[in-house]
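I have placed the structure first, in the form of structure tokens, so that the comments after it can refer back to it.
Hydrogens, waters and symmetry mates are skipped; everything else that's a heavy atom, side chains included, is used. The structure presented is a predicted model; accordingly, all values stated were derived computationally and were not measured.
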Amino acid sequence: MLALSQAKSAASAVGHRYFSWLLPAFAALALSGCTPATTQLASADPADPAAKVAPVGYRSTIAPYTSLRPATPAPWRNRNEAVTPQPKQDR
């Protein structure tokens, strides 16, 4: 009987030994996700109000647009001849 109780206590000591390092290891692993990243920035800090930035400019996307209405009516023959390709001359 004494040998059986010693075997149980030895087994519980082994289990307690594994649990004693498993809990802190799990806690360290879980808390490691809460630490901030400590990488260096490649350029200026974007949160710095004194950082140099490119100038902001405005270009209209419809600036070259000109309205064609109302257009004065022209004879259709004159308009058609203006856009017709010229015939090639024979050599």
Side-chain angles (χ1 to χ4, degrees):
M1 199 55 140
L2 184 61
L4 184 60
S5 67
Q6 287 177 349
K8 285 184 180 179
S9 67
S12 67
V14 170
H16 181 61
R17 186 179 327 144
Y18 287 125
F19 185 71
S20 67
W21 68 266
L22 185 64
L23 184 62
F26 179 72
L29 183 65
L31 292 176
S32 67
C34 299
T35 58
T38 57
T39 58
Q40 292 182 353
L41 297 173
S43 61
D45 185 11
D48 183 15
K52 294 181 180 180
V53 294
V56 178
Y58 172 76
R59 282 187 301 173
S60 174
T61 56
I62 58 170
Y65 172 77
T66 56
S67 177
L68 298 177
R69 295 180 188 228
T72 57
W76 65 269
R77 185 173 302 250
N78 293 347
R79 286 191 175 211
N80 197 18
E81 288 175 358
V83 295
T84 306
Q86 299 297 322
K88 293 185 180 180
Q89 296 180 3
D90 293 332
R91 288 187 179 191

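- Taking Ser60 as the reference, Tyr58, Ile62, Ala63 meet the side-chain contact (heavy atoms from CB on, under 4.5 Å) condition, with sequence neighbours excluded.
- Every side-chain contact (heavy atoms from CB on, under 4.5 Å) that Ala51 has, sequence neighbours left out, goes to Ala44, Asp48.
- For the side-chain contact (heavy atoms from CB on, under 4.5 Å) test, residues two or more places apart in sequence or in another chain that qualify with Asn78 are Pro75.
- For Ser67, the side-chain contact (heavy atoms from CB on, under 4.5 Å) test picks out Tyr65, Arg69, with sequence neighbours left out.
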